[in-house]
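Naming: A, B, ... by sequence-line order, numbering from 1 per chain.
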Number of protein chains: 2
Amino acid sequence: MSNPQPTPNNVTSLADRRLLHETVIDQLRDLIVQGELAPETKLNERVLAERLGTSRTPLREAIKFLASEGLVELLPNRGAVVAPLKPEKMKEVFVVLGALEALAGDLACRNASEADIAEIRALHFHMLAHHAAGELAQYFKYNQQIHSRIMDCAGNATLAASYRSLNEHVKRARYLANLSRERWDKAVQEHGEILDALTRRDGARLQALLRDHLANKLVLVMEALDKRKAEAAR
Amino acid sequence: MSNPQPTPNNVTSLADRRLLHETVIDQLRDLIVQGELAPETKLNERVLAERLGTSRTPLREAIKFLASEGLVELLPNRGAVVAPLKPEKMKEVFVVLGALEALAGDLACRNASEADIAEIRALHFHMLAHHAAGELAQYFKYNQQIHSRIMDCAGNATLAASYRSLNEHVKRARYLANLSRERWDKAVQEHGEILDALTRRDGARLQALLRDHLANKLVLVMEALDKRKAEAAR
DNA sequence: GCAACCATTTTTGTATGCAAAAAACACAAA
DNA sequence: TTTGTGTTTTTTGCATACAAAAATGGTTGC
């Protein structure tokens with residue numbers, strides 16, 4: 001499960017034009033976001049480098065990159081740790097994400113083509129189907145895609161990059177939030193209104209909806225964090 | 001002017017607890033923001049490392065860090081270049097900064113203490129003095145400090161970090177914007193209104209003012225970029 | 001002149017080596 | 001048991017070594 005490498009990993013396989021430290025950045029980010037490397041885990045360079053099939057140098061470069069994203073923290077002379085998942089930090093992130101999504105919604109209402117909106121509508125109905133079937137993972141996937149597409153429709157790559165970077169932090173918290181049916185239904189309903197506002201290109205309304213949507217999501221995450229903390233305490 | 005080093009830089013001076021690659025990050029960022037390393041300059045690792053008095057390893061780590069901030073771009077197998085200063089990118093950055101500053105203004109109106117506001121007022125009058133004396137550099141310094149303090153008063157470190165990171169891009173453009181007296185006066189007047197709204201804790205108004213203020217600044221930067229481009233063309 | 005090719009040099013990307021700092025450990029004293 | 005301390009081990013931070021890739025430059029043929 002942990003090390004499925006058919007070829008020796010020091011052999012550059014085929015026309016592998018990607019740079020090692022770039023793939024290491026992605027691998028490490030995934031490990032952190034998926035929770036495989038839990039918050040506050042110490043990143044032992046020797047061990048991690050071996051696990052990723054590389055040497056310490058590219059790994060250290062990747063760590064520096066992710067430190068700038070905020071996913072790892074650098075401790076002088078003591079290496080790096082996976083950034084802690086603090087409730088206070090989460091609140092901050094959600095506030096900023098709220099502003100960024102609101103901006104994106106407003107811009108999307110002006111810039112999105114009809115085809116863009118049609119595509120988002122299609123994603124929306126896929127999401128509804130998975131909601132109806134109770135398939136949470138698939139639901140999340142389409143949910144993310146919808147927000148992502150709205151972000152893209154804003155036509156501002158800098159905005160999108162900032163959003164993606166901050167959103168990684170939220171994704172880390174997601175896997176521990178277990179949604180009640182009630183809250184889930186509410187989120188889906190909100191998405192209906194979001195699609196509606198986008199269709200009508202009502203920027204002001206879409207802004208407000210997205211902000212509320214995120215605020216509700218924050219409540220979920222906070223509850224989950226509190227619960228985890230309570231479990232850790234006993 | 002460029003290399004004032006009293007001690008050999010490979011000797012760790014005194015209780016210098018800072019890490020080499022951290023100081024390199026700051027030095028390199030400064031070189032880029034101050035324009036000493038112009039946009040699109042190729043970063044030759046050997047040369048730069050020597051200039052900064054270090055080896056390639058910490059330099060490469062610093063480059064990766066700044067790549068995540070967007071100040072440098074990584075070209076696979078071809079090293080890194082100082083990120084180009086494109087008008088299109090500038091527009092994007094200003095739009096996002098506008099949203100972030102507006103948010104900060106709103107939060108600051110709620111969270112700032114009277115002492116905070118008094119401090120900002122003091123900075124404001126320093127700024128006015130330098131404006132009256134026609135001291136542009138000093139004016140800019142206090143101007144930045146005011147915006148920075150408002151950001152701090154929002155009490156959201158994540159917001160502040162995102163802002164600072166994006167603001168570095170704007171600072172790069174600043175040194176080439178030569179302000180007409182007319183526009184300068186206008187900016188100062190806007191700052192008066194900003195201080196006023198903050199004093200009255202009128203969040204909605206402050207948001208709008210900050211957004212406009214940034215929009216005007218964007219116009220300035222765009223003109224400067226166009227001018228530079230015209231000069232480069234002839 | 002200039003386009004295409006090959007040899008040479010430079011530069012990047014990665015691995016390894018080594019010194020200094022931190023952590024872990026062992027053991028003695030309070 | 002706890003506290004302190006000296007020693008060993010581990011880990012980090014930086015420098016360097018080396019191989020692969022890209023840039024450079026010179027030569028030839030057109």
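Note: CG (L52(B)) to P (dG13(D)) measures 19 Å, nearest angstrom. Separating the CG atom of N44(A) from the P atom of dT12(D) is a distance of 5 Å, rounded to the nearest angstrom. Distance CD (E61(A)) to P (dG13(D)): 14 Å, rounded to an integer number of Å. Spacing between atom CG of L75(B) and atom C1' of dA23(D) amounts to 14 Å, rounded to whole angstrom units. Distance, R56(A) CZ to dT16(D) P: 16 Å, rounded to whole Å. Distance E45(B) CD to dC14(D) C1': 15 Å, rounded to the nearest Å. With rounding to whole Å, K64(A) atom NZ is found 10 Å from dT12(D) atom C1'. Nucleotide dA22(D) holds its P atom 17 Å from the CZ atom of R46(B), rounded to whole Å.
Positionally, the nearest nucleotide of DNA chain C for K42(B) lies more toward the 5' end than for the other of K42(A) and K42(B).
Taking the six-membered ring for Trp and thresholds of 30 and 60 degrees, H213(B) and H147(B) have nearly parallel ring planes, at less than 30 degrees apart.
Here the straight-line distance linking atom CG of L97(A) with atom OG1 of T158(B) works out to 9.5 Å at 0.5 Å rounding.
Not counting sequence neighbours, the partners of Y142(A) by the ring pair (Phe, Tyr, Trp, His ring centres under 6.0 Å) test are H126(A), H130(A).
The existence of a salt bridge linking K171(A) and E168(A) is confirmed by a sub-4.0 Å separation between a basic side-chain nitrogen and an acidic carboxylate oxygen. Under 4.0 Å is where a charged nitrogen must lie from a carboxylate oxygen, and between E101(A) and K217(A) no such pair does.
The phosphate of dC14(D) has OP1 or OP2 within less than 4.0 Å of a side-chain N or O from H21(B). Considering only side-chain N and O atoms, T54(B) lies nowhere under 4.0 angstrom from the phosphate OP1 or OP2 of dC14(D). OP1 or OP2 of dG13(D) has at least one side-chain nitrogen or oxygen of R60(A) nearer than 4.0 Å. Look at R78(B) and you'll find a side-chain N or O under 4.0 angstrom from OP1 or OP2 of dA23(D).
Put simply, the side chain of T57(A) and the base of dT16(C) share a donor and an acceptor less than 3.5 Å apart.
Side-chain proximity of N77(B) to dA21(D), dA15(C), dG13(D): nearest is dA21(D).
Residue L43(A) is in sugar-phosphate contact alone, with no base atom involved, counting any heavy-atom pair closer than 4.0 Å across all strands shown.
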